[in-house]
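Below: one structure, written as structure tokens.
Convention: sequence-line order gives letters A, B, ...; per-chain numbering from 1.
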2 protein chains.
Amino acid sequence: MDTRLLRSFTAVAEDGSLSRAAERLFVSQPALTKQIRQLETLLGVRLFTRSRAGMALTEAGEALAGQAPALLAHWERALAATRGAAARAARVLRVGFMASAANEATQEIVTRFCALHPGWRVDMRQASWSEPTAGLADGSVDVALLRLPFPGQGDLRVEVLLTEPRCVALPAGHRLADREEIAFRDLWDEPYVAAAPETGGWRDYWLAADEREGRPVTVGAVTEHPDDWLSAIANGYGIALAPASAARFYARPGVVYRPVSGVSPSRVAIAWPPAADGDPVVRDFVRCCLDATSAPG
Amino acid sequence: MDTRLLRSFTAVAEDGSLSRAAERLFVSQPALTKQIRQLETLLGVRLFTRSRAGMALTEAGEALAGQAPALLAHWERALAATRGAAARAARVLRVGFMASAANEATQEIVTRFCALHPGWRVDMRQASWSEPTAGLADGSVDVALLRLPFPGQGDLRVEVLLTEPRCVALPAGHRLADREEIAFRDLWDEPYVAAAPETGGWRDYWLAADEREGRPVTVGAVTEHPDDWLSAIANGYGIALAPASAARFYARPGVVYRPVSGVSPSRVAIAWPPAADGDPVVRDFVRCCLDATSAPG
DNA sequence: CTGCATCTATAACCTGGAGGAATGGATGTG
DNA sequence: CACATCCATTCCTCCAGGTTATAGATGCAG
């Protein structure tokens, strides 16, 4: 049996319908019917009961559905570890990052690291905002420059590199756009451009959900990439809190950035998996991060 | 990627040769070459370096080879759990057993259990002697009637059901076949029919390796099933220690059984995985085992 | 109560995948 | 230098897997 059949099974289990799952997987309904039948034949077990109402999991199907996520994740991690080993052998350090990484310090970090490790290359990999660990969780990167807090943070080693105030990104024609500085309480009732709900605490943080005295947030749009985020703001779907450096790294016609008072600052950190503690290459990269962000300049 | 490619990869990694692995997997060498190529393309990584001397793993290949056994085992366990759920739903208790299981008590155990659980069926599954946990390790059975000690015993719950002396199985024409009882020390220099080396402590136990004052064992044959075991003895390839009940359950022309002094007795136990502690069906079966083997009769 | 919508299953067909046979290329050894 | 041995490539064949069309079953709305 292969992961393709397991993924198909998972999709049908989630949707409760062959037709809907087929649509989501971009295959025809008969093709998916055959795949599920093939899986049941291979296992010698009925996984679904069929009816006009769709596909309901049997007890065996429930058991497999319970196992499937961990199994598929195990596969992905194994493949990631294999790719990681290949990168290491080729003297490539894969660095995930969110948004502007460590701002201006990023280039210095890379320069310092390459000086320390001649022959090595740093592969910077930008992550979508729907994956706040920037690849650390699934093992597709070795270290990551991240904004705190993020989901899964407790499972990773973290060193704070720098702190910067947060500001607000507004459409250029916004009624508050002329202000030199805006109090956060004046922004409480605005609609916001937010990250995906499944990012949990990450999204809450960038909505400053815990810093508005219980006042609820209005979400005007959900985006996953900086470009989409900027477009949504420029188009007036909402405003967004951002690190102050966003004014430099994400300048865009139609978007203005203003300092905000009454909201906590943003922290940039370097993160890596505990299993990499003994890895001199990772240790040196972390050292370079700390050095590059502690010296004045 | 599927498990078939991963198994192919594993075979090539173990053999260090496409040609030999192809032979072992019963596919042609070009077919295996293409499979490995397909896997490397899917991963975007070189797994082997090729030469006239065969296939050597790259660092990425080493990484994958390190992960593969656990990954494949995870798959097997997930499938086993799925089949287990199907069996449970169908009110079937799958019982693995070695050799004669719990001897004459086995039928009473099943009878008591079915009386306690009307509508349930006990599926008795005999295991080869190369798998001393009789399916518990890979999850293909719910409980197992086993002979102690066995590999992996520490990971399972075990209740001893009965103890019986060990005897020796000899070819009928053996020079000691006329004895009423034979001292173990008189058997030390005989060749033995043994279990496979990978069964470890199990094989040592049945060779009474720890009860011969350091004298080494001579292995005359290795077998995995009772029939092969009996044939090997009858053909004079060696002798073997066996539970006393073997004389009743494995009577065979050409093989005689004689009591042996100076060797520890054999213990039959019921074993089950710790995860099944809270399962009333498993608990009841264990209860039936204990009840059936404690009453006189 | 009947017709229609909606769901899965089956049949027929087509294309591409995957295995085998034959053979090529490279290299080590006697 | 010839041969053996290893992996790679080419060509061929058959089957797997997807699609389209349609069948069968069933629930719901009028």
Side-chain angles (χ1 to χ4, degrees), chain A residues 1-62 64-65 68 72 75 79 82 86, chain B residues 1-62 64-65 68 72 75 79 82 86:
Chain A
M1 181 178 76
D2 64 14
T3 53
R4 179 179 63 88
L5 292 182
L6 193 60
R7 287 184 216 284
S8 299
F9 163 78
T10 300
V12 176
E14 283 169 5
D15 290 351
S17 157
L18 276 167
S19 306
R20 280 203 300 280
E23 195 171 336
R24 173 149 74 95
L25 297 174
F26 300 104
V27 296
S28 65
Q29 174 263 315
L32 198 49
T33 292
K34 289 184 201 173
Q35 287 178 25
I36 298 303
R37 273 300 184 72
Q38 183 181 356
L39 182 53
E40 287 177 326
T41 301
L42 274 162
L43 275 163
V45 150
R46 265 310 165 104
L47 297 169
F48 295 98
T49 55
R50 276 88 159 156
S51 74
R52 161 69 177 75
M55 308 279 278
L57 285 165
T58 60
E59 287 186 45
E62 293 278 3
L64 185 57
L72 291 169
W75 272 84
L79 304 198
T82 303
Chain B
M1 180 177 74
D2 67 13
T3 52
R4 180 178 60 88
L5 292 182
L6 192 59
R7 287 183 217 283
S8 297
F9 163 78
T10 300
V12 177
E14 284 169 6
D15 290 352
S17 158
L18 276 168
S19 306
R20 282 205 298 282
E23 195 170 335
R24 173 147 75 95
L25 296 174
F26 300 103
V27 296
S28 66
Q29 175 262 317
L32 195 50
T33 291
K34 293 179 199 172
Q35 287 178 25
I36 298 303
R37 274 301 185 72
Q38 183 181 357
L39 181 52
E40 287 177 326
T41 301
L42 274 162
L43 274 163
V45 150
R46 264 310 163 104
L47 297 169
F48 294 99
T49 55
R50 275 88 159 159
S51 75
R52 160 71 173 76
M55 308 278 278
L57 286 165
T58 60
E59 288 187 46
E62 294 278 2
L64 185 58
L72 291 169
W75 272 83
L79 304 197
T82 304

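Remark: Ser17(A), Leu18(A), Ser19(A) in residues 10-21 of chain A come within less than 4.0 Å of DNA chain C through at least one heavy atom.
For residues 17-39 of chain B, no pair satisfies ring pair (Phe, Tyr, Trp, His ring centres under 6.0 Å), with sequence neighbours left out. Screening residues 29-38 of chain B for side chain to side chain donor-acceptor pair (under 3.5 Å) gives Ser8(B)-Gln35(B), Gln29(B)-Thr33(B) as the qualifying pairs, with residues at least two apart or on separate chains. Under the side chain to side chain donor-acceptor pair (under 3.5 Å) criterion, the residue pairs touching residues 9-22 of chain B are Glu14(B)-Arg24(B), Asp15(B)-Arg24(B), with sequence neighbours excluded. Residue pairs that meet the ring pair (Phe, Tyr, Trp, His ring centres under 6.0 Å) test with at least one member in residues 32-59 of chain B, sequence neighbours left out, are Phe9(B)-Phe48(B).
For Ala56(A), the side chain to side chain contact (heavy atoms under 4.5 Å, CB included) partners are Thr49(A), not counting sequence neighbours. Qualifying side chain to side chain contact (heavy atoms under 4.5 Å, CB included) partners for Ser51(B), counting only residues two or more places apart in sequence or in other chains: Ala53(B). A search for side-chain hydrogen bond (donor to acceptor under 3.5 Å, both in side chains) contacts involving Arg50(B) returns Glu40(B), not counting sequence neighbours.
Across the helix from dC1(C)-dG30(D) to dG30(C)-dC1(D), the helix axis at one end is tilted relative to the axis at the other end by 10° (nearest 10 degrees, each axis from five pairs).
Going from atom CZ of Arg37(A) over to atom P of dA11(C) covers 11 Å, rounded to whole Å. Following rounding to the nearest Å, Ile36(A) (CD1) and dA9(C) (P) show an atom-to-atom distance of 10 Å.
Inter-residue side-chain proximity for Thr82(B) and Leu47(A) is flagged as met; some heavy-atom pair is nearer than 4.5 Å. Using a 4.5 Å heavy-atom threshold, the side chains of Leu43(B) and Leu64(B) count as touching.
Reading DNA chain D from its 5' end, the first and the last nucleotide to sit under 4.0 Å from a heavy atom of chain B are dT5(D) to dC11(D).
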Item checked: Base versus backbone protein contacts along nucleotides 17-23 of chain C [heavy-atom cut-off under 4.0 Å; B, S, -] -> -SBBBB-
Next item on the list: Go along nucleotides 24-29 of chain C 5' to 3' and tag each nucleotide: B for a protein heavy atom under 4.0 Å from its base, S when only backbone or sugar atoms are that close, - otherwise.
Entry: ---BS-
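Just one residue in the list Leu25(B), Asp2(B), Leu72(B), Val12(B) forms a side chain to side chain contact (heavy atoms under 4.5 Å, CB included) with Arg7(B), and that residue is Leu72(B).
Contact record, Leu18(B) with Leu32(B): O-CD2, 3.5 Å, taken as the closest heavy-atom pair.
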